[in-house]
A.B. asks: 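Would you mind keeping the following structure in view while I ask a few things?
Computed from a prediction, not measured in an experiment: that's the story for all the values here.
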Amino acid sequence: MTFYDDIYPFYPLQRTPFIFSTSLLTVILVFLVLTVGFLLIVPGIRGKSRILWTFRILVSLFIGAVIVALNFTSDWAEASLRANTTYKSFSNVMVNAKVGLHVGLYGINITLRGEPVVQFNETIDYNEMFVWTNSIDEEYENALNKGLPNPILYIAEKFTLKSPCGLIYQYRYSGRYASATLWTAFCCWLLANILFSMPVILYAGCMMAATAAFIFFSLASFSTIYNLPQCTFTIGTESFETNFSASFWLALATGLLCALIGIVVILLDWLFPEKMREVFSVGMDSDDDDVYSEKGYLNAGFLEGASLDGVIVKGTSKEPQQISTLTKL
C-alpha cells in the first residue's frame with residue numbers, strides 16, 4: 001500500500017459505487033409527469049365517471065411505464081454469494097465481500113461490496129456496467145487497465161467473446177429479441193389507449209391482448225438463456241448460477257394484467273356493448289344526431305299556395321308567421 005490516501009500503487013483513484021441508471025430515472029420521471037398532469041384534470045370530471053376514469057388512467061400509465069422501464073433494468077436474472085477472496089492483482093490481501101451479478105437486456109452489472117465496507121483502510125463498494133456490444137472485449141481490457149478487483153474481472157471475463165463459456169452469445173441475443181418484443185408491446189399499448197377513446201372498444205381489448213402476447217414473447221425470448229448448459233461462477237470456495245429475478249417476474253405480472261384486461265373488455269363488449277360505450281364515455285353515431293329543430297320567420301304572402309313538408313300554407317295575412325321546420329342532414 002502507498003502512503004497516498006491508502007490506495008494501492010499503480011491504480012487510479014478509488015471507484016465510486018453505481019447509484020441509479022439515468023435511463024431508468026428518465027423513464028420514471030416522464031411517466032410521473034404524465035401521471036401528475038392527468039391527475040390535475042380529475043377535479044374537472046363530474047359524476048361517478050371520475051373514479052373510473054382515474055383508475056383507468058393510472059392502470060394504463062403503470063403498464064406503459066413498466067414496459068418501457070423493463071428495457072433499462074439490470075435485474076432480469078441475478079446471482080450473488082459471500083466469499084473470502086483475493087482483492088486485487090499483485091496482492092495477497094484477502095477480503096470478505098458480497099459479490100453479485102445482475103443481468104439486464106443490454107448488459108450486466110457486477111457488484112462487489114465488502115463486509116464490512118471499509119477493510120484495510122479502503123472502501124470496497126463497486127458496481128461496474130458491461131454492455132452487450134461488439135467491443136465488450138475492449139471494455140474488459142479497460143477494466144484490467146483500471147485495476148478493478150479480481151472478482152469483478154473474473155465474472156466479466158466469462159462474458160467476453162473469447163471465453164469458452166460463450167455466455168455473451170446466450171445473453172446478448174436473448175436480450176436483444178426480448179427488448180424488441182417489449183418495444184412492440186409498447187406500440188400495442190399506445191394503440192390500445194387510442195382505441196379506448198373511440199367507439200371501437202372491442203379492438204381496444206384486442207390490442208391489450210396483443211400487448212400481453214408480446215410481453216410473453218419477450219419472457220420466452222429471455223428464458224432461452226437457460227436452454228444451454230449454464231456456466232458456474234466460482235469465487236474462493238463458493239460458486240453460484242443466475243436465476244430469474246425481479247424484472248422477469250414484474251414483466252410476467254404485467255403481461256397477466258394486460259391479458260386479463262383484454263379478455264374482460266372483449267367479453268363485456270360482446271355481452272353489453274352499449275354499457276361498455278357508456279362506461280368509456282364514447283357513443284355510436286345515430287340518425288337522431290343528424291336531425292335538429294329550426295325556427296324561422298317567413299312572410300306567408302310569399303308562400304301562399306306553397307307546400308312545406310306536406311303542409312299547404314294558405315291565407316292572405318301580411319304579418320310574418322313563425323314556422324317550425326325539421327331539417328334532416
Side-chain angles (χ1 to χ4, degrees), residues 20-39 41 52-78 102-109 129 131-132 171-198 200-226 242-266 280:
F20 203 78
S21 170
T22 55
S23 299
L24 185 58
L25 180 61
T26 302
V27 172
I28 294 175
L29 290 177
V30 168
F31 278 91
L32 280 178
V33 170
L34 290 175
T35 303
V36 172
F38 280 112
L39 289 179
I41 306 174
L52 178 62
W53 190 90
T54 303
F55 177 76
R56 196 181 90 194
I57 292 299
L58 291 179
V59 171
S60 180
L61 287 176
F62 169 77
I63 293 173
V66 168
I67 293 174
V68 177
L70 286 174
N71 284 277
F72 304 103
T73 56
S74 58
D75 56 350
W76 279 73
E78 287 183 329
H102 312 271
V103 181
L105 301 184
Y106 289 100
I108 58 173
N109 277 95
M129 180 73 181
V131 182
W132 306 138
Y171 285 82
R172 180 170 65 180
Y173 293 112
S174 296
R176 285 181 176 178
Y177 287 122
S179 178
T181 50
L182 276 179
W183 284 117
T184 307
F186 179 71
C187 294
C188 293
W189 172 80
L190 287 176
L191 289 175
N193 282 275
I194 295 173
L195 294 173
F196 271 126
S197 61
M198 300 179 179
V200 283
I201 306 302
L202 175 63
Y203 298 112
C206 292
M207 291 310 301
M208 286 301 297
T211 302
F214 281 107
I215 293 177
F216 293 145
F217 290 154
S218 68
L219 295 174
S221 176
F222 187 79
S223 299
T224 58
I225 62 175
Y226 295 104
T242 59
N243 295 303
F244 294 131
S245 190
S247 290
F248 182 89
W249 301 117
L250 179 59
L252 178 61
T254 306
L256 292 175
L257 176 61
C258 292
L260 177 63
I261 293 174
I263 293 173
V264 169
V265 169
I266 292 173
F280 285 92

A.B. asks: Please lay out, stage by stage, how Y171 and T242 fare under the test side chain to side chain donor-acceptor pair (under 3.5 Å).
C.D. replies: CA-CA 12 Å; Y171 285 82; T242 59; 3.0 Å; yes
A.B. asks: Taking all non-hydrogen atoms of both residues into account, name the closest pair between L24 and A69 and its distance.
C.D. replies: CD1-CB, 3.5 Å
A.B. asks: Going from CD1 on I225 to OG on S223, what distance comes out if it is rounded to the nearest 0.5 angstrom?
C.D. replies: 7.5 Å
A.B. asks: Which one of L32, V30, T26 satisfies the side-chain contact (heavy atoms from CB on, under 4.5 Å) criterion with I28?
C.D. replies: L32
A.B. asks: Hey, does the side chain of S74 reach the backbone of V103 with a donor-acceptor pair shorter than 3.5 angstrom?
C.D. replies: no
A.B. asks: Which heavy atom of A259 sits nearest to which heavy atom of A212, and what is that distance?
C.D. replies: N-CB, 3.4 Å
A.B. asks: Does anything in residues 57-68 form a side chain to side chain donor-acceptor pair (under 3.5 Å)? List the pairs, not counting sequence neighbours.
C.D. replies: S60-W189, S60-N193
A.B. asks: Counting C-beta onward and ignoring hydrogens, is there a side-chain heavy-atom pair between F216 and L256 closer than 4.5 Å?
C.D. replies: yes
A.B. asks: So W76 and L70, do their side chains get closer than 4.5 Å, heavy atoms only?
C.D. replies: yes
A.B. asks: Start with the C-alpha distance between I261 and I63, add both sets of side-chain angles, then the distance that settles side chain to side chain contact (heavy atoms under 4.5 Å, CB included), and finish with yes or no.
C.D. replies: CA-CA 11 Å; I261 293 174; I63 293 173; 4.0 Å; yes
A.B. asks: In Å and rounded to the nearest 0.5 Å, what is the CG to CD1 distance from L195 to I201?
C.D. replies: 8.5 Å
A.B. asks: Relative to the ring of F244, is the ring of W249 parallel (under 30°), tilted (30 to 60°) or perpendicular (over 60°)?
C.D. replies: perpendicular
A.B. asks: Which residues pass the side chain to side chain donor-acceptor pair (under 3.5 Å) test with N71, sequence neighbours left out?
C.D. replies: S179, W183
A.B. asks: Around atom OH of Y226, are there more than 12 heavy atoms of other residues, nucleotides or ligands at under 6.0 Å?
C.D. replies: yes
A.B. asks: Measure up the F217 and F214 rings against each other and bin them: parallel (under 30°), tilted (30 to 60°), perpendicular (over 60°).
C.D. replies: perpendicular
A.B. asks: For the residue pair I108 and W132, establish whether any side-chain heavy-atom pair is separated by less than 4.5 Å.
C.D. replies: yes
A.B. asks: Do L219 and T181 have side-chain heavy atoms sitting under 4.5 Å apart?
C.D. replies: no
A.B. asks: Can you check whether T73 reaches L250 side chain to side chain, under 4.5 Å on heavy atoms?
C.D. replies: no
A.B. asks: Check S174 against S221 and note the closest heavy-atom contact, atom names and distance.
C.D. replies: O-OG, 3.2 Å
A.B. asks: Starting at CG of L39, measure out to CG of L58 and round the result to the nearest 0.5 Å.
C.D. replies: 5.5 Å
A.B. asks: List the steps, then state whether side chain to side chain contact (heavy atoms under 4.5 Å, CB included) holds for L105 with L182.
C.D. replies: CA-CA 11 Å; L105 301 184; L182 276 179; 3.8 Å; yes
A.B. asks: Crowded around Y177 OH? As in, over 12 foreign heavy atoms under 6.0 Å?
C.D. replies: no
A.B. asks: Closest heavy-atom contact between T211 and C188?
C.D. replies: OG1-CB, 3.2 Å
A.B. asks: Is the shortest heavy-atom distance from the side chain of V265 to the side chain of M208 under 4.5 Å?
C.D. replies: no
A.B. asks: To the nearest 0.5 Å, what is the distance between OG1 (T254) and CD1 (I67)?
C.D. replies: 7.0 Å
A.B. asks: Let me confirm one number: the OG1-CD1 distance from T184 to I215, rounded to the nearest 0.5 Å.
C.D. replies: 11.0 Å
